[in-house]
Amino acid sequence: MRYDIAIIGGGPAGYTAAERAAAGGLKTVLFEKKAIGGVCLNEGCIPTKTLLYSAKLWDTMKGAAKYGITVPDAAAFDMGKIIDRKDKVVKKLTGGVKMTVGSYGVAIVEREAVIAGEENGMFRIVSGGETYEATYLLVCTGSDTVVPPIPGLSDTDYWTSKEALESKELPQSLVIIGGGVIGMEFASFFNSMGVKVSVVEMMPEILGAMDKETSGMLRAEYLKRGVNFYLNTKVTAVSQEGVTVEKDGKASLIEAGRVLVSVGRKANLDKAGLDKLDIELLRNGVKVDEHMQTSHPRVYACGDITGRSMLAHTAIRESEVAVNHILGVEDMMNYDCIPGVVYTNPEVAGVGKTEEELKAAGTGYHIQKLPMAYSGRFVAENELGNGLCKLVLDDDERIIGCHLLGNPASEMVVVAGIAVQHGYTVEEFQKSVFPHPTVGEIFHETLFA
């Protein structure tokens with residue numbers, strides 16, 4: 001069984017690459033050992049957003065009186081039905097992706113694939129006892145949840161994101177170890193559903209490398225809602241009683257009905273057989289160039305396995321770049337304008353440079369920002385809601401970053417990303433016309449601030 005390109009991993013990078021390669025005339029085979037869609041569609045992006053939407057509707061009902069709407073006292077949610085709906089959405093989308101990939105003529109092999117080596121200019125891949133050959137190889141094996149070696153953790157019935165997405169019962173209390181994007185999204189969901197939530201984070205602020213001003217505003221919002229935050233705090237042990245933490249040399253116990261571990265993900269480097277091809281690694285991932293090409297000229301790597309930007313939309317763009325390079329189409333990867341979104345309620349989103357990284361690099365910049373309340377649509381739809389639109393400009397008045405707090409930041413950040421990607425100046429961006437009334441008008445107001 002001989003192919004032009006073999007793709008290992010059927011997540012966003014893999015299935016997108018398969019479609020693009022087949023559309024470009026390449027005979028393509030796609031290997032996926034679990035379910036088409038990868039972690040994003042089955043255990044990450046889609047199921048979490050499905051749950052968060054249910055939580056957002058529940059939040060809206062609880063606050064309906066502010067909008068002149070009376071909700072019956074009998075209003076309630078059914079956690080079992082929320083999970084069932086999530087499963088239904090995932091099943092529908094995974095089925096749709098598989099059907100779409102197949103419609104391009106891609107051979108789909110739903111078994112584990114391992115690289116056996118290279119011979120006579122062809123890569124050999126073994127799957128289910130059969131050998132496949134390909135001229136090009138694209139590795140998209142994704143990542144796994146990091147489980148830190150915390151004393152007592154292995155003796156505890158802890159959750160990772162996978163288990164948290166499957167439980168039809170709510171714990172009385174939840175301690176989340178890690179205040180990054182995934183941790184905060186789960187904090188948002190369980191807080192909305194009435195669970196007592198605590199977030200433990202080793203860093204001085206939540207949300208990692210995202211803009212610290214909007215991150216702090218989000219934390220302040222959830223602090224008002226009853227979420228407890230332990231910043232600059234290290235977890236030293238986990239037991240049936242709860243989580244033992246240490247700050248400034250002082251230890252304390254946080255009681256927990258359930259513990260959720262959310263400290264990050266690591267690239268799957270040791271399962272696909274990359275060692276058979278002597279592929280060069282860099283830090284915690286596969287080393288690639290601007291075309292997603294590895295140290296082997298006919299081997300490409302996309303998605304979480306590169307360890308660079310573990311986001312589904314990054315993976316999709318990387319796969320497009322890789323296939324284009326194979327097809328001889330001029331293209332290259334640009335990581336300067338990849339949006340990051342936290343789907344809490346309110347949402348946080350950012351693209352481009354942050355103040356923190358510009359200060360660290362000693363690069364000149366200035367800020368233009370306004371509260372979201374300068375948008376009439378935002379005020380109409382967010383009673384007493386808080387928000388911020390923050391534009392980062394270089395010394396030539398070019399937009400090099402944007403950071404947002406407020407719904408729908410996840411949709412609005414796309415506009416800012418285009419401005420960053422194309423290097424719009426303030427004057428050029430000012431000439432864009434935004435429909436009125438929209439929350440997106442806040443860009444126009446901020447540009448004139």
Side-chain angles (χ1 to χ4, degrees), residues 39 43-44 48 143-167 169-212 215-270 283-285 304 307 310 342 344 348 356 360:
V39 169
E43 300 174 12
T48 54
S143 62
D144 277 333
T145 299
V146 172
V147 179
I150 301 171
L153 184 63
S154 60
D155 300 321
T156 307
D157 187 21
Y158 66 90
W159 278 350
T160 63
S161 58
K162 183 178 184 297
E163 291 78 26
L165 287 167
E166 294 172 349
S167 178
E169 296 184 2
L170 294 170
Q172 290 292 316
S173 59
L174 175 69
V175 175
I176 301 175
I177 301 175
V181 174
I182 298 173
M184 279 307 301
E185 288 184 352
F186 278 111
S188 174
F189 174 75
F190 285 104
N191 171 256
S192 293
M193 308 318 283
V195 176
K196 181 182 178 182
V197 177
S198 298
V199 177
V200 183
E201 172 56 55
M202 289 186 66
M203 301 299 289
E205 188 54 272
I206 60 171
L207 300 182
M210 295 192 76
D211 173 74
K212 293 294 175 281
S215 297
M217 291 174 68
L218 182 74
R219 176 172 53 81
E221 177 64 30
Y222 274 92
L223 190 63
K224 289 190 294 184
R225 300 183 190 184
V227 176
N228 294 315
F229 291 92
Y230 298 81
L231 305 179
N232 288 311
T233 302
K234 179 181 179 181
V235 175
T236 57
V238 175
S239 65
Q240 297 299 329
E241 287 71 38
V243 177
T244 302
V245 299
E246 182 180 295
K247 181 177 182 180
D248 299 331
K250 297 180 180 179
S252 59
L253 177 70
I254 309 172
E255 294 184 358
R258 183 71 68 175
V259 175
L260 170 59
V261 177
S262 180
V263 298
R265 301 186 65 83
K266 59 181 179 180
N268 286 326
L269 297 171
D270 56 353
R283 293 188 291 274
N284 300 316
D304 288 3
M310 293 186 172
V342 191
T344 46
V348 172
E356 290 73 30

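Note: hydrogens, waters and symmetry copies are ignored here, and every other heavy atom, side chains too, is used. This one's a predicted model, so the numbers in the text were calculated from it and none came from an experiment.
- A 4.5 Å side-chain heavy-atom check between Val348 and Met184 finds every atom pair outside the cut-off.
- Counting heavy atoms of neighbouring residues, nucleotides and ligands inside a 6.0 Å radius, atom CD of Gln172 does not exceed 12 of them.
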- Item | Tyr158 vs Ile177, side chain to side chain contact (heavy atoms under 4.5 Å, CB included): CA-CA, chis, key distance, verdict | CA-CA 11 Å; Tyr158 66 90; Ile177 301 175; over 6 Å; no
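- Nearest heavy atoms, Phe186 versus Ser161: CE1-CB, 3.6 Å.
- The side chain to side chain donor-acceptor pair (under 3.5 Å) contacts involving residues 231-240 comprise Ser239-Glu241, where partners must be two or more places apart or lie in separate chains.
- Nearest heavy atom pair, residue Ala256 against residue Val175, reads CB-CG2, 3.4 Å.
- Ser262 and Gly183 make their closest contact through OG-N, 3.2 Å (heavy atoms, listed as atom of the first residue, atom of the second, distance).
- With values rounded to the nearest 0.5 angstrom, Asn284 atom CG is found 7.5 Å from Met310 atom CE.
- Looking at residues two or more places apart in sequence or on another chain, you find a salt bridge (charged side-chain N to carboxylate O under 4.0 Å, His left out) between Glu221 and Lys224, Arg225.
- Distance check, rounded to the nearest 0.5 Å: OG1 of Thr160 to CG of Leu165 gives 8.5 Å.
- Between the CG atom of Leu260 and the CD1 atom of Ile176 there is a distance of 5.0 Å, given to the nearest 0.5 Å.
- A search for salt bridge (charged side-chain N to carboxylate O under 4.0 Å, His left out) contacts involving Asp155 returns nothing, not counting sequence neighbours.
- A side chain to side chain donor-acceptor pair (under 3.5 Å) check over residues 177-192, counting only residues at least two apart or in different chains, returns the pairs Lys49-Glu185, Asp59-Ser192, Ser188-Tyr222.
- Heavy atoms of other residues, nucleotides or ligands lying less than 6.0 angstrom from CE of Met202 number 12 at most.
- Residues Asn228 and Lys196 form a side-chain contact, since some pair of their non-hydrogen atoms from C-beta on lies under 4.5 Å apart.
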- Item | Worked verdict on Trp159 versus Ser167 for side chain to side chain contact (heavy atoms under 4.5 Å, CB included) | CA-CA 10 Å; Trp159 278 350; Ser167 178; 3.5 Å; yes
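- Ile206 approaches Gly179 most closely through the heavy-atom pair CB-O, 3.4 Å.
- Between Gly285 and Ala267, the shortest heavy-atom contact is CA-CB, 4.5 Å.
- The CE atom of Met210 sits 12.0 Å away from atom CD of Glu205, with the distance rounded to the nearest 0.5 Å.
- Between Val261 and Pro148 there is a side-chain heavy-atom pair separated by less than 4.5 Å.
- Contacts of Glu166 classified as salt bridge (charged side-chain N to carboxylate O under 4.0 Å, His left out), with partners at least two apart in sequence or in another chain: Lys162.
- Of the inter-residue distances, the one linking Ile182 atom CD1 with Thr145 atom OG1 reads 7.0 Å to the nearest 0.5 angstrom.
- In this structure, CG on Leu207 lies 6.0 Å from CG on Leu218, to the nearest 0.5 angstrom.
- Residues Val195 and Phe189 have side chains not in contact (no heavy-atom distance under 4.5 Å, counting atoms from C-beta outward).
- The existence of a salt bridge linking Lys266 and Asp304 is excluded, since no basic side-chain nitrogen approaches an acidic carboxylate oxygen closer than 4.0 Å.
- Listed by chain and number, the residues in a salt bridge (charged side-chain N to carboxylate O under 4.0 Å, His left out) with Arg265 amount to none (sequence neighbours excluded).
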